[in-house]
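Read the structure below first, then the notes.
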Amino acid sequence: MPHPSLDTCFSPSPEGKEVVYTVQDVPANSVLLARSRDEAQGFPSGTIELAFCPETGFLTNQAFAEALVDYNEEYEATQGFSDTFSAFHRRLADDLIERYDLHGKTVLEIGCGKGEFLALLCDRGGNEGIGFDPAYRPDRAPDLAADRTTVVQDVYSEEYAHVDADFVCCKMTLEHIPDVADFVGMVRRAVGDDRDTVVFFQMPEARRILREGAFWDIYHEHCSYFSAGSLARLFRSQGFDVHSLWTDYDDQYLMIEARPRTGPAGSPLPEEESPRAMAADVTRFAEQVPGRIEAWRRLLTDCRQQGRRVALWGGGSKAVAFLTTLGLGDEVSAVIDINPHKQGTYLPGTGHEISAPAALAANPPDIVLIMNPIYHDEIQSSLQDMDLDPALWHADANPARLRPLPAAA
């Protein structure tokens, strides 16, 4: 069943790994709601020591401090207020329902957040659902399929291994787990040997982060980073057969379909890169990201000195990582988020107040820096509705190519 030597690879243990990227004094929690600027600036801080395993291609923050991370009702990570994201969620739910014939089945979701995706699977497929998440809010439970979904406000563990399901779903959770071999092994034991049981995981895709130099996608809560190859190797090491690997949402998300295995491990899929290929991406990231960080720092400092107002759109983990890694504060004059539960709270680390888009009408920005370019059209439409026409910059752009700056107002 599990591969003992790989268990060490797929853990925060420094054994056999090389540190390739370090950031000090980052907020330990990026999306916990802070109700005051003092609270936001006083959040516990941790360290990122991103370490690479050349045997498996796995990346982990070996300085991750689990005791500093808190997942409770104040953990506000939902993207469900975005039309773009909601359309993706519906499409993904429909795809999974069709792909795995999820009609009248039992669905279990590990790390279900506010229950939005679980409700879609149950509503659109006529399924029964049970979810697990300590950050679940009963007062914000979706109306969809409310009579067919149950959420346990707790972390999924061996305690719940008796809960049977035809489809096990775990979205945007594995990256928060430090000992991923132990976690995936627990899931394997829970599902048993029924090869009809489908296990589906989704998480950020690490090669995109490396190739884009996306330092804003590396933060303390995300202690584990996967490519298609390293993810498949993890699942095989814990007794699964890997049936499918794919990406979605502009290749930001990596997906895996796995099923219990009782015999020898299968062959790698075409989508799996080798550890050597992953190592090349890691080397390029380590060489190039310091210059990218410095270029962004200079550019935004120049904007402030030239009297240009920069608003950052997206008040989540990307914004926290971007600003704290750069060590910037009033270079950004506003942080915007469409999630009403974030509005009026403060960004961990820098203490920027998070405002609704309407706040820009009173203080029009010269530049809007979009943390995730997949929302460009949605953001541009919101700005046009307010008769605002700032320059739109993307976090994944080369900052050197964003010059010359637009004229200051």
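In what follows, every heavy atom counts, from backbone to side chain, and hydrogens, waters and symmetry copies are set aside. Numbering starts at 1 and runs along the sequence shown.
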Which atom of [X] lies closest to which atom of [Y], heavy atoms considered:
| X | Y | result |
| --- | --- | --- |
| Pro260 | Val191 | CG-CG2, 3.8 Å |
| Tyr75 | Ala135 | CB-CB, 3.8 Å |
| Thr47 | Val26 | N-CG2, 4.3 Å |
| Thr173 | Cys170 | CB-SG, 3.6 Å |
| Arg261 | Arg236 | NH1-O, 3.1 Å |
| Ala165 | Val168 | CB-CG2, 4.4 Å |

With rounding to the nearest 0.5 angstrom, report the [atom1] to [atom2] distance, [X] to [Y].
| X | Y | atom1 | atom2 | result |
| --- | --- | --- | --- | --- |
| His222 | Ser30 | NE2 | OG | 8.0 Å |
| Ser224 | Phe64 | OG | CZ | 8.0 Å |
| Leu144 | Leu120 | CG | CG | 6.0 Å |
| Leu92 | Leu121 | CG | CG | 7.5 Å |
| His376 | Asp250 | NE2 | CG | 13.0 Å |
| Asp166 | His103 | CG | NE2 | 12.5 Å |

Please confirm whether the backbone N or O of [Y] pairs with a side-chain atom of [X], one donor and one acceptor, at under 3.5 Å?
| X | Y | answer |
| --- | --- | --- |
| Glu39 | Arg35 | yes |
| Glu159 | Ser157 | no |
| Asn29 | Leu68 | yes |
| Asn372 | Tyr375 | no |
| Gln62 | Glu49 | no |
| Glu212 | Ala214 | no |
| His220 | Ala65 | yes |
| Lys17 | Ser13 | yes |
| Arg309 | Asn363 | yes |
| Asn127 | Cys122 | no |

Practice task
Please assess Arg195 against Thr197 for the test side-chain contact (heavy atoms from CB on, under 4.5 Å), listing each intermediate value before the final yes or no.
Solution key: CA-CA 5 Å; Arg195 290 183 55 79; Thr197 303; over 6 Å; no
Practice task
Could you walk me through whether Tyr219 and Val320 pass side-chain contact (heavy atoms from CB on, under 4.5 Å), step by step?
Solution key: CA-CA 8 Å; Tyr219 33 94; Val320 171; over 6 Å; no
Can you confirm whether more than 12 heavy atoms, excluding those of [X], are under 6.0 Å from its [atom1] atom?
| X | atom1 | result |
| --- | --- | --- |
| Glu158 | CD | yes |
| Asp330 | CG | yes |
| Asp143 | CG | no |
| Glu73 | CD | yes |
| Glu294 | CD | yes |

Going by distance alone, is a donor N or O of one side chain under 3.5 Å from an acceptor N or O of the other, for [X] and [Y]?
| X | Y | answer |
| --- | --- | --- |
| Lys171 | His89 | yes |
| Asp248 | Gln202 | no |
| Ser355 | Gln343 | no |
| Glu378 | Thr84 | yes |
| Asp337 | Asn339 | no |
| Tyr160 | Asp154 | yes |
| Ser227 | Glu273 | yes |
| Tyr100 | Glu257 | yes |

Can you confirm whether or not the ring centre of [X] sits under 6.0 Å from the ring centre of [Y]?
| X | Y | result |
| --- | --- | --- |
| Tyr346 | His352 | no |
| Phe235 | Phe201 | yes |
| Phe322 | Trp296 | yes |
| Phe285 | Phe215 | no |

Any non-hydrogen side-chain atom of [X] less than 4.5 Å from a side-chain atom of [Y]?
| X | Y | value |
| --- | --- | --- |
| Cys53 | Cys9 | yes |
| Thr22 | Leu50 | no |
| Leu369 | His394 | no |
| Asp25 | Thr324 | no |
| Pro178 | Thr60 | no |
| Ser230 | Leu234 | no |
| Ile367 | Pro390 | no |
| Phe132 | Gln153 | no |

Do NZ/NE/NH1/NH2 and the carboxylate oxygens of [X] and [Y] come within less than 4.0 Å?
| X | Y | result |
| --- | --- | --- |
| Lys342 | Glu76 | no |
| Asp193 | Arg188 | yes |
| Asp194 | Arg259 | no |
| Lys105 | Glu128 | no |

Practice task
Kindly determine whether Tyr156 and Glu109 satisfy side chain to side chain donor-acceptor pair (under 3.5 Å), including the steps that lead there.
Solution key: CA-CA 9 Å; Tyr156 182 80; Glu109 184 174 9; over 6 Å; no
Problem - Given Leu59, Thr283, Asp281, the one that forms side chain to side chain contact (heavy atoms under 4.5 Å, CB included) with Phe52 - result: Leu59
Handout entry: Trp393 six-ring face occupied by Arg401 cation (under 6.0 Å, within 45°)
Key = no
Practice task
I would like to know whether Phe85 and Tyr249 meet ring pair (Phe, Tyr, Trp, His ring centres under 6.0 Å); could you show each step before the answer?
Solution key: CA-CA 9 Å; Phe85 186 81; Tyr249 214 53; 5.7 Å; yes
Exercise for the section: Take Asp251 and Arg207 through the test salt bridge (Lys or Arg N to Asp or Glu O under 4.0 Å) and record every step on the way to the result. Expected result: CA-CA 10 Å; Asp251 293 332; Arg207 296 192 83 188; over 6 Å; no
